[in-house]
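Start at 1 and go down the list; that is how both ligands and their atoms are numbered.
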Amino acid sequence: MSALLKKYGNESVVAKAYAFAKNAHKDALRESGDPYFTHCEEVANTVADWQLDEASVAAALLHDVVEDTPVTRADIEKTFGSEIAFLVDGLTKLKTLEYQEHNKDAEVENLRKFVISFTRDLRVVIVKLADRLHNMRTLKFKTKERQERIAWETAEIYAPLAYRLGMQKLSGELEDLAFPHIHPDEYKWLHETVKDSYNSRIKYVKKVEPILLRALGEHNIRPLKVDSRAKRYYSLYRKLRRYDMNLEKIYDLVAIRIIVKTPEECYATLGVVHQLWQPLPGKFKDYIARPKPNGYRSIHTTVFCVDNKVIEIQIRTEKMHEEAEMGIAAHWAYQQVRTRTGYTARSWKGVKNRDELLWVEQLRNWQENFTDQEKFVQSLKVDFFKDRIFVITPDNDVIDLPKGATPVDFAYRIHSDIGDQCVGAKVNEKIVPLDQELHSADVVEIIIHKGKKPTEDWLRFVKTEQARQHIKSAMRTKTKKLQAKNAALFVELKIVGKTREGYLKDIAGVFADMRLTIMSLQGHTDPRKAFTTAFVRCDSLPDAKLTKVLVALKKIAGTREVTYKTGKE
Ligand code: MN
């Protein structure tokens with residue numbers, strides 16, 4: 001019997017969804033040759049392991065039904081109600097686009113639909129991540145080209161998304177599954193190079209542990225657990241790139257992790273560690289006092305340990321540990337927060353580290369106002385999923401931005417009006433240039449001047465697509481206004497010459513040659529048909545250009561006289 005049915009019972013909505021999905025996918029097979037339904041069951045098992053609610057588990061079972069079988073959203077709604085129907089719909093690609101998987105527009109549209117759904121209900125993203133995890137674990141059955149495409153998408157979108165939701169364990173696993181497909185050579189090299197170092201490091205940690213435990217015991221600290229954590233391959237690879245591929249410089253290749261009962265004990269433990277071994281200056285990080293933007297809490301310190309070897313030590317409580325691994329999913333397991341607005345960022349007001357979910361709100365607002373279809377994916381990657389810094393407003397709100405962001409990016413993140421009218425910035429109470437790179441924990445204040453407009457120069461240094469778009473649209477309005485002002489001015493030329501065939505055509509030709517647009521051209525011939533008078537109107541011209549036009553018109557065969565006047569409409 002299925003573990004799901006055992007856990008939730010035969011009368012549950014999970015059981016109902018189980019039977020429904022199994023029947024809908026009937027004879028369909030996966031590339032592996034397994035019945036398609038095994039995929040749905042695996043995804044649901046993961047969601048159940050993460051201890052999400054029954055609606056999420058049911059949605060996991062049903063997540064491919066609308067996309068891959070004749071069942072419609074309306075059918076789901078009729079059988080399971082609107083809540084589950086919404087979750088399933090958020091996990092379903094757009095029907096009309098489903099056969100164009102390599103179509104870039106279709107991919108963007110689908111991603112966009114997914115973002116809309118999950119910013120309304122975060123359970124959508126969690127089920128989607130479980131889906132992606134199983135697809136990555138069974139990637140070997142796909143063609144090489146598809147493997148690569150799916151792996152890149154995982155590394156660039158889904159793993160960072162999991163990280164931002166605080167699901168570090170999942171994020172790390174997704175990255176490690178993608179790594180051999182996106183950088184095969186580097187993966188092989190790293191695998192070979194690191195093997196021995198890993199083993200000797202783990203042996204070393206085993207030697208350190210008893211010494212540590214004894215010292216803690218002398219201070220009446222009995223940790224719940226002391227173990228070691230080996231850095232994941234992909235995260236190690238990224239770090240190595242920053243350290244000239246020098247493994248010696250990676251102090252957290254294997255880190256010691258101490259789990260204690262309370263936050264107070266975390267600090268007491270830190271004291272003991274620092275008494276025992278000298279800390280490396282500048283390497284101490286207190287993410288308990290100041291959690292990372294994704295909610296991560298822990299103390300990290302790096303010390304000169306036994307045999308004077310450098311090693312990183314992480315100290316945290318069990319709850320912090322669970323949250324560090326499971327992120328947002330841990331909140332469900334612990335708190336079961338639920339309000340009438342559903343599982344959205346808004347309903348998290350009671351949660352202590354609410355700041356960590358503000359970005360979901362920001363993401364929702366951003367996507368609602370984002371109009372440049374082509375830039376959507378790029379912007380999503382950079383503005384929301386790239387390496388983050390967090391800076392602080394004078395009101396002590398935490399704003400998160402991509403690494404390398406400037407005060408102008410900050411200003412636009414606060415509000416487009418603040419960005420547009422920004423004339424200066426203070427960082428930690430000092431005036432700084434607008435292109436200065438911000439760092440985590442900077443307190444940033446924007447100085448504005450009413451009615452001021454952004455300058456093109458800003459495009460040179462802003463990091464977020466959000467700022468870029470606002471600046472560009474402000475520039476466009478500026479140009480339009482200028483054009484409107486110019487359009488009101490015109491020049492009217494009066495040309496008198498001998499009447500002949502083609503005379504007006506020659507006059508028009510002068511303007512065409514100079515790429516000037518004629519607003520109107522009128523010709524009059526006197527009763528004796530001796531002279532023709534032409535009036536030509538066009539947009540006002542710079543003096544130099546006007547002179548050229550006059551000269552060219554005078555050169556036309558038969559021209560006697562050219563005069564002009566300027567006017568306003
Ligand atoms: Mn699926």
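With 2.8 Å as the limit, His39 counts as an N, O or S neighbour of the Mn ion (ligand 1). With 2.8 Å as the limit, His63 counts as an N, O or S neighbour of the Mn ion (ligand 1).
For the Mn ion (ligand 1), the nearest N, O or S atom contributed by Asp64 is named OD2. Per residue Asp131, closest N, O or S atom to the Mn ion (ligand 1): atom name OD1.
If you take NZ on Lys225 and CD1 on Ile258, they are separated by 13.0 Å, rounding to the nearest 0.5 Å.
Under the 4.5 Å side-chain criterion, counting only non-hydrogen atoms from C-beta, Thr317 is not in contact with Ile259.
Among Leu62, Val47, Thr46, the single residue meeting the side-chain contact (heavy atoms from CB on, under 4.5 Å) criterion with Val57 is Val47.
In summary, the aromatic rings of His39 and His63 are positioned with their centroids under 6.0 Å apart.
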